[in-house]
Structures are given as structure tokens and as C-alpha cells.
Amino acid sequence: MTESPDAQSSKTEAAEAPSQSTPEPAAEAVTEESAPAAEAPVEEAPAAEEAPAEEAPAEEPAAEDAPAEAAAEEPVEAPAPAEPKAEKPKTPKAPKPKAPKPGAFKAPSPAAVAKQTTHTVVAVPVAAEVPEERFEEALAHGLVEDGKAFVIVAEERVEVGPADDDEALKAYAHAFFELEAAVERFHARLASAELSPKDIDESIATIEAVLAPPSVVGDLDTLGERYAAVKAEAEETRTRIHEERRVAREAAIAAREEIVATAEALSAKPEDKVHWKNDTATLRGLLDQWKEAQRSGARIPKDVERALWTRFTHARSAFEKARKHHFAELDRSNADVATRKEDLVARAEALAQTTDWDHGARGFRDLMNEWRNAGRGRRSVDDALWKRFQAAQDSFFEARRGAADAEDEALSGNVEAKEAAVVEAEALLPIKDLAATKQALRPIQDRFEAAGRVPRADIARLSKRMAAVEKAVRDAEDAAWNSRNPELEARASGAAAQLHSAISALEDEIAEAKAAGKNTKKLEESLAARNAWLKQIEGLA
């Protein structure tokens with residue numbers, strides 16, 4: 001059963017993708033032209049002391065208005081009327097073709113394409129691959145009169161260019177299908193490519209240059225509706241891109257401002273608060289962040305970037321100036337410290353040659369105090385000078401130690417005689433007869449001294465033992481003196497008499513208080529204390 005023409009037309013217009021009869025090369029051509037135009041690269045960050053980099057040159061126009069065919073085709077604009085078929089022999093004038101029946105070919109019609117509202121793009125064949133049925137349909141919208149080609153738009157004839165006959169009209173139909181494909185490529189790129197507003201504007205201008213005034217022959221009413229929908233979507237995309245760029249630009253300015261503020265804070269730090277190594281590394285990192293922001297971040301207005309770069313450069317210059325001043329002063333200070341310590345090392349090396357051990361030991365003690373007060377210099381220089389100082393000090397004390405060991409060995413023979421004197425003195429204890437003990441101790445002391453010096457390890461031991469005997473004799477003398485001291489006895493007698501008088505008075509007072517019935521506790525405590533004092537004094541007498 002044969003379907004009606006209306007049914008066939010409905011099926012054709014409802015198609016969402018190219019039919020099986022649509023040639024494959026056409027789809028490939030649209031895909032190639034859908035690739036995004038190359039963005040102009042962002043310029044490198046400025047050098048450390050240079051002005052900010054100029055903005056990148058304007059982006060190249062997008063390629064959405066390029067031909068769809070792989071080989072170079074004529075532009076979308078209408079070609080010269082006689083050029084496409086100039087070399088062909090003239091053929092008898094063919095009758096004006098009638099419009100084909102709907103459904104005669106399976107490629108989607110411009111009406112079906114115009115109804116699309118999403119980015120599902122129909123691959124429209126280019127002129128060389130358009131089925132003959134569609135070509136005839138396009139030719140049905142044009143005519144040739146008086147050597148001119150006309151296209152029917154909104155039931156009005158509009159001149160599109162010169163034409164000798166209907167055969168020449170095919171060039172205008174060819175341009176129509178190229179224009180139709182350009183509109184669809186532009187629609188596809190809105191979804192798949194990163195177009196700039198400039199790309200969108202140039203693509204719109206290119207298409208509209210062909211549409212108004214028209215320079216092609218075909219169903220311009222349907223194509224105009226389709227283009228109006230694509231243009232509206234393009235303008236929405238352009239608005240969105242402008243907004244996204246504005247937000248990105250504000251974020252980029254804020255990021256640069258943060259970099260500058262951090263650099264200014266570093267340059268404003270008091271010198272005693274600056275950690276030169278870490279803060280210098282931080283400042284270098286901020287410069288790397290600036291360069292990275294220029295390479296990959298959103299572009300910001302040139303005047304804003306220049307102002308921020310000026311502030312950043314001033315902050316870095318101020319920090320660098322302070323750093324150079326600090327290290328210049330540090331170098332001068334290090335040089336002064338090195339000079340003082342060099343002098344100390346020379347004196348230490350000279351003192352290390354002395355054999356006056358006491359003088360040398362005191363000298364090295366004083367030199368060490370001066371070293372501590374000399375301050376700290378460059379670490380490598382300080383370490384080298386300290387090694388020399390320490391070597392001189394070690395040399396002196398090692399020599400002194402060697403001399404002492406040799407002396408000890410020479411004095412070891414005196415230990416026996418000194419030890420015998422000490423043993424003899426210790427035999428006098430405990431003291432029974434003070435006078436006899438003192439008389440016996442004197443010759444023992446003389447022999448102790450006459451025995452001479454002994455090694456350092458024995459000096460303290462023997463001297464301590466002899467000092468213990470001598471102290472016992474002195475204590476015995478003090479006790480004997482105190483026991484018969486007339487002055488002490490007189491003081492004791494006077495105190496005893498006073499206490500006897502006080503005790504007698506207290507006893508009378510206690511008796512009277514008891515008779516009167518008064519409390520005598522305090523009086524009795526005073527009486528007991530005085531009795532205790534009297535007992536002590538009587539014991540001394």
C-alpha cells in the first residue's frame with residue numbers, strides 16, 4: 001500500500017539524525033569543521049624586574065565559516081555567476097524543474113533541521129554530496145529572468161545575481177547548501193568547541209552576509225528560521241561566556257592582589273622579625289605564582305595588571321634592598337668578629353709555649369672569657385678559628401699534664417717519710433697529757449715538712465690526716481684555757497649572785513601570791529628558768 005505524500009513528509013521531518021542514504025563523507029566534513037579554533041597562547045610572566053607582559057594578540061577568527069569539504073571549496077558567498085559552468089558547452093535550455101515530492105529523498109529537509117532545539121546536530125551534506133532530489137527542491141525556489149537569478153523569499157522575488165540560464169542557477173543552489181552546512185557547523189561548535197565571543201560574532205557576521213541580502217537559491221524561509229534559533233542560542237552562549245570570563249577575571253585579580261599583599265607584608269616586616277632564608281624563598285614562590293597566573297589564569301585588564309605589578313615590584317625591591325643591607329652589615333660584623341678571634345688565637349698559640357703552668361692556666365681562662373664575649377661570626381670562619389684556639393689550649397694543658405706526671409714520679413720517694421710522720425702523729429691521740437703531747441708533736445711536724453713534696457694524689461690525703469691531729473691538740477688547749485680563765489670565773493660569780501638574788505625575790509613573790517589566792521603559774525615558770533641558768537653558771541665555776 002502506497003503512503004500518502006503528507007505521511008512521507010511527516011516521516012522525513014521527524015527524523016533526528018541523517019538517514020541511511022546520507023553519504024558518510026558529509027558527516028566527516030561537519031565533524032572536522034566542529035573542532036575548536038586554537039586559542040592564542042597566554043604570554044609568559046614578566047621577568048623579575050620588568051614591566052608586566054603585554055596582553056596576548058587578538059585571537060584568530062574561529063573556523064566555523066570554513067567550507068565543509070575536505071578540499072578547498074569556494075567560500076560561502078555566492079560565486080561569480082558564469083564561473084562554475086563557464087567551460088561547459090551550452091545545452092539546450094531545460095524546462096524549469098518542478099518541486100520534488102516530499103519524501104523523495106531520505107536526507108532531512110531544512111524544515112526538519114529548523115525544528116531542532118538541542119545540540120543534536122544533523123549532518124547536512126555539502127553541495128557536492130547533496131542528493132539530486134534536494135538539489136531540485138532548492139532550484140524550485142529560484143528562477144532566471146532577463147539574465148538575472150532570483151530567489152523566492154516570503155513569496156517575493158529577490159535578485160541574487162546574474163545568470164544566463166537555469167543551468168547557471170545551480171551555482172546559487174550549490175552555495176545554499178554550503179550556507180546550510182555552515183549554519184549547522186556553527187550550531188555544533190556552540191556545544192563542542194570553546195568558542196570566544198569574538199568567534200561567535202564573526203561566525204554570525206559571515207552567515208548573515210550571505211543571508212541578507214541573499215546571494216543563494218534555496219528554501220531561505222526555512223533556513224532563516226533555523227538560523228534564527230541557532231543565533232539565539234549563540235547569543236545566550238556569548239552572554240554566558242562573558243559572565244564566566246567576568247567571574248574568572250575577578251578571581252584572577254583577587255589572586256594577584258593576594259600575591260601582592262603577601263609580598264608587601266614581607267617587605268614591611270621589622271628586620272629583627274625577618275627570617276631571611278624562609279622569607280626569600282616565599283618571595284620567590286610568589287613570583288612563580290605570578291608567572292603561573294599569567295600563563296594559565298584568566299586575563300585581567302592591562303591597567304590593573306600594570307598597577308599590581310608595580311606594587312609587587314616595589315615590595316620585592318624593598319625586601320631585596322633590606323636583605324642586601326642586612327647581609328652587608330652582617331659581613332662587616334663577621335669581619336670584626338673574625339679579627340678579634342684571630343687575635344685571640346694568636347695569643348693562645350703564643351701562650352701554649354710557656355712552661356709557667358700557673359700563669360698559662362690563668363691566661364687561657366682569661367682568653368676563653370674574651371672568646372665568649374667576642375660574638376658570633378660566620379660559622380665556617382668561627383669553626384676554623386675555634387679549632388686553632390682549641391688546639392693551642394690542648395697543647396698547653398697536655399704539656400702541663402706531662403710535666404706534672406714527671407714531677408709526681410720524681411716525688412714519689414718522699415711519700416714513705418711523710419706517711420711515717422703522719423702515723424707517728426696519729427699515735428699521740430687521744431690526748432692524755434696536753435703538755436707532753438704538744439712537746440712530742442713539734443718534732444713530728446718538722447719531719448713531715450722536711451720530707452718534702454709528694455705526688456698530687458698523696459698531698460690531700462696526708463695533709464688531711466696531719467691536720468686532724470693538729471686540730472685535736474688545739475681543741476684540747478682551748479678547753480684547758482676556758483676551764484681556768486679568771487675573767488670567765490669572775491663573770492660567772494657575778495651572774496650567780498644576781499641569779500640568787502632574783503630567785504629569792506621570786507620565791508617571796510610566789511608565797512605572797514599564793515596567800516592572796518592569785519595565779520602563780522608565770523612566776524613559777526620564771527623561777528624555774530633562773531634556777532636552770534644558775535645551775536649552768538655554777539657548773540662553769
Could you check whether any side-chain N or O of [X] sits under 3.5 Å from a backbone N or O of [Y], counting only pairs where one atom can act as donor and the other as acceptor?
| X | Y | value |
| --- | --- | --- |
| Asp221 | Ala154 | yes |
| Asp343 | Thr339 | no |
| Asp146 | Lys148 | no |
| Asp199 | Ser196 | yes |
| Asp165 | Ala168 | yes |
| Ser267 | Glu264 | yes |

Salt bridge or not between [X] and [Y]? Use side-chain N to carboxylate O under 4.0 Å.
| X | Y | result |
| --- | --- | --- |
| Glu370 | Arg340 | no |
| Glu208 | Lys231 | yes |
| Arg185 | Glu178 | no |
| Arg238 | Asp201 | yes |
| Arg240 | Glu244 | yes |
| Glu257 | Arg311 | yes |

Hey, does the Lys NZ or Arg CZ of Lys341 hover above the aromatic six-ring of Trp386, less than 6.0 Å from the centre and inside 45° of the axis?
no
Arg323 to Trp276 six-membered ring, cation-pi geometry met (6.0 Å, 45°):
no
Can you see whether Ser380 engages Asp383 through a side-chain donor-acceptor pair at a distance of less than 3.5 angstrom?
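No, because no side-chain N or O of Ser380 sits under 3.5 Å from a partner of the opposite role on Asp383.
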So do the side chains of [X] and [Y] get within less than 4.5 Å of each other, counting heavy atoms only?
| X | Y | answer |
| --- | --- | --- |
| Val337 | Arg376 | no |
| Glu320 | Lys324 | yes |
| Leu283 | Phe319 | yes |
| Ile204 | Phe186 | yes |

Quick one, Arg299 with Glu305, criterion salt bridge (charged side-chain N to carboxylate O under 4.0 Å, His left out). Give me CA distance, side-chain angles, the key distance, then yes/no.
CA-CA 9 Å; Arg299 295 179 183 176; Glu305 183 181 33; over 6 Å; no
Intermediate values then yes/no, side-chain hydrogen bond (donor to acceptor under 3.5 Å, both in side chains), Glu258 and Gln289:
CA-CA 11 Å; Glu258 183 177 357; Gln289 291 179 34; over 6 Å; no
Run Leu139 and Tyr172 through side-chain contact (heavy atoms from CB on, under 4.5 Å) and show every step you take.
CA-CA 9 Å; Leu139 290 173; Tyr172 296 100; over 6 Å; no
Pairs where residues 276-285 contributes a residue and the test salt bridge (Lys or Arg N to Asp or Glu O under 4.0 Å) is met, not counting sequence neighbours:
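Every pair satisfying salt bridge (Lys or Arg N to Asp or Glu O under 4.0 Å) with a residue in residues 276-285: Lys269-Asp279.
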Got a sec, which pairs hit side chain to side chain donor-acceptor pair (under 3.5 Å) with one end in residues 391-401, sequence neighbours left out?
none
Between Trp357 and Phe397, ring centroids under 6.0 Å
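Centroid separation for Trp357 and Phe397: 6.0 Å or greater.
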Tell me, yes or no, whether the heavy-atom count around Glu156 atom CD, taken from other residues, nucleotides or ligands under 6.0 Å, exceeds 12.
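It does not: Glu156 CD has 12 such atoms or fewer within range.
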Please lay out, stage by stage, how Arg245 and Glu250 fare under the test salt bridge (charged side-chain N to carboxylate O under 4.0 Å, His left out).
CA-CA 8 Å; Arg245 290 190 175 184; Glu250 290 178 356; over 6 Å; no
Check step by step if side-chain hydrogen bond (donor to acceptor under 3.5 Å, both in side chains) holds for Glu292 and Ser296.
CA-CA 6 Å; Glu292 181 60 27; Ser296 59; 2.8 Å; yes
